[in-house]
Trainee: 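Got a structure here, written out as structure tokens. Questions coming.
Just the heavy atoms: all of them, side chains too, but no hydrogens, waters or symmetry mates, feed the values below. Counting starts at 1 for both ligands and their atoms, following the listed order.
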Amino acid sequence: MLVSNQICELLNIKYPIIQGGMAWVATAELASAVSNAGGLGLIGAGHMPPDALRKEIRRAKELTTKVFGVNVMLMSPFVKEVMQVVVDEKVQVVTTGAGNPGEYIPALKGIGARIIPVVASVALAKRLERTGVDALVAEGHESGGHVGEVSTMALVPQVVDAVSIPVIAAGGIADSRGVVAALALGAQGVQIGTRFVATTECLVHERYKQALVKAKERSTIVTGVSTGHPVRVLQNKLTKEYMERERSGATTEELDQMGAGKLRLAAQEGDVDYGSVMVGQIAGMIREVQSVEAVMQDLVSGIPGVMEHLQQATRFKA
Ligand code: TUI
């Protein structure tokens, strides 16, 4: 029997490639470009006030006729109003991050939205499957921004084994090898953030993109482990000061205060020294800024070559 990709079917998209819903980074321009290129674009609601999100959703509707979604950050002070905007605007796909979206599921189901929470553990994956969500993003420690503790390589197959809904792998994926590897682990799709930051359609400050292009595999660090808000960012003057303050016993409030507003500072103002430059560990692989279409074509066109490598590398000695 010929079966097709479950994520393409579920979301009505050509390729099972979802662009991460990055706060301050994933605007209507980026999301619509990814959807127009055959993937699923997401607007990152982050800490956006509800009216700003409504404008962004309406702009995406002007820029694409394809399906797109919104990522709702559950730690946002506006989360309730933001969910109401998503419902009012009948957004077709909603992903959630940094928490448990349980209480919003009935309202989202009511408008027929596909609900895809991001999880960083098997326990939450199992709990959310029972609430009727459509799929899950299993996001590993390699990712940029707010991260869990388990690596993508270890998390994805364990989540795949624990649930029967489709799983999308995230964290450390930026080329065709990563895409095929994720599918080999049992995922039905991938979510890619960092590589989509290095695109012409991404409206972050040019210095943010250049810092990403210059980064190596060890350029990032996870701050905020002690405060319960672990966030992966590029190492810079801000992280150096933060780590010093953390070591010398600063309180959680003082440390959280230090991080407040710093993603906006980096993304909009381009302050890559004192701002939070959120990128994943795969940043070291990204060497240039390209169009979204070029990135998508590179991700997809490289797949046959990776499959050939797998064929050859799995023919063992007789
Ligand atoms: O959410 C993300 N990544 C993010 S959100 C973000 S916005 C921000 N801005 C400034 C400071 C801090 C954050 C930047 N990056 N990824 C999805 C994700 N969700 N990763 C991990 C989780 C997660 C963690 C714990 C999901 C659920 C969870 O458990 C909650 C529970 O109730 O069990």
Trainee: Which residue and non-hydrogen atom of the protein lie closest to atom 32 (O) of ligand 1, and at what distance in Å?
Mentor: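 Nearest protein contact, heavy atoms only, for atom 32 (O) of ligand 1 is N100 CB, 3.6 Å.
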Trainee: Among E149, M73, R127, Q191, whose heavy atom sits nearest atom 8 (C) of ligand 1?
Mentor: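 Residue with the shortest heavy-atom distance to the ligand atom: M73.
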Trainee: Considering only non-hydrogen protein atoms, determine which one is nearest to atom 17 (C) of ligand 1 and report residue, atom name and distance to 0.1 Å.
Mentor: V118 CG1, 3.3 Å
Trainee: For a side chain to side chain contact (heavy atoms under 4.5 Å, CB included) with K209, tell me which candidate from V289, V272, V279 qualifies.
Mentor: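 Result: among V289, V272, V279, V289 is the only option passing the side chain to side chain contact (heavy atoms under 4.5 Å, CB included) with K209.
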Trainee: With sequence neighbours excluded, tell me which residues meet side-chain hydrogen bond (donor to acceptor under 3.5 Å, both in side chains) with H309.
Mentor: none
Trainee: Check for a donor-acceptor pair, side chain of T199 on one end and backbone N or O of Q290 on the other, with a separation under 3.5 Å.
Mentor: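 Judged by distance alone, no pair lies under 3.5 Å.
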Trainee: Would you indicate whether the side-chain heavy atoms of V222 and V147 approach each other to under 4.5 Å?
Mentor: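 When only atoms from C-beta onward are counted, V222 and V147 do touch, with a gap below 4.5 Å.
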Trainee: Considering the heavy atoms of M278, write down every atom of ligand 1 situated less than 4.0 Å from one of them.
Mentor: 9 (N), 10 (C), 11 (C), 14 (C)
Trainee: Would you say that N71 contacts I43 through its side chain, given a criterion of any heavy-atom pair below 4.5 Å between the two side chains?
Mentor: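 A side-chain contact under 4.5 Å is absent here.
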Trainee: I want to confirm something. Looking only at heavy atoms, which of H141, H146, M75, M22 is nearest to atom 21 (C) of ligand 1?
Mentor: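 Comparing heavy atoms across H141, H146, M75, M22, the nearest one to atom 21 (C) of ligand 1 lies in H146.
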Trainee: Spell out, as yes or no, whether a donor-acceptor pair under 3.5 Å connects the side chain of S32 to the backbone of A60.
Mentor: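 Not confirmed, S32 side chain does not pair with A60 backbone.
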Trainee: Find all atoms of ligand 1 within a distance of less than 4.0 Å from any non-hydrogen atom belonging to G145, and give their numbers and elements.
Mentor: 14 (C), 15 (N)
Trainee: Under 3.5 Å, is there a donor-acceptor pair linking the side chains of E129 and S164?
Mentor: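 A donor-acceptor contact under 3.5 Å links the two side chains.
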Trainee: Could you tell me the residue and atom name of the protein heavy atom closest to atom 29 (O) of ligand 1, and the distance to it rounded to 0.1 Å?
Mentor: L124 CD2, 3.7 Å
Trainee: Under the side-chain hydrogen bond (donor to acceptor under 3.5 Å, both in side chains) test, which residues partner E241, sequence neighbours left out?
Mentor: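 In terms of side-chain hydrogen bond (donor to acceptor under 3.5 Å, both in side chains), with neighbours along the sequence ignored, E241 is linked to no residue.
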Trainee: Is the closest heavy-atom distance from G99 to ligand 1 below 4.0 Å?
Mentor: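 Heavy atoms of G99 do come under 4.0 Å of ligand 1.
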Trainee: Please report which non-hydrogen protein atom sits nearest to atom 20 (N) of ligand 1, along with the residue it belongs to and the distance in Å to one decimal place.
Mentor: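 So the nearest neighbour among protein heavy atoms is E139 OE1, 3.0 Å.
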Trainee: So is H229 close enough to ligand 1, meaning a heavy atom under 4.0 angstrom away?
Mentor: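 Distance cut 4.0 Å: H229 fails for ligand 1.
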Trainee: Nearest protein heavy atom to atom 25 (C) of ligand 1: under 4.0 Å?
Mentor: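 There is no protein heavy atom less than 4.0 Å from atom 25 (C) of ligand 1.
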Trainee: Counting C-beta onward and ignoring hydrogens, is there a side-chain heavy-atom pair between M285 and D175 closer than 4.5 Å?
Mentor: yes
Trainee: Write out the residue and atom name of the closest protein heavy atom to atom 19 (N) of ligand 1, then the distance separating them to 0.1 Å.
Mentor: A98 N, 2.9 Å
Trainee: Taking non-hydrogen atoms only, is V231 closer than 4.0 angstrom to ligand 1 via side chain, backbone, both or neither?
Mentor: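 The answer is the side chain of V231.
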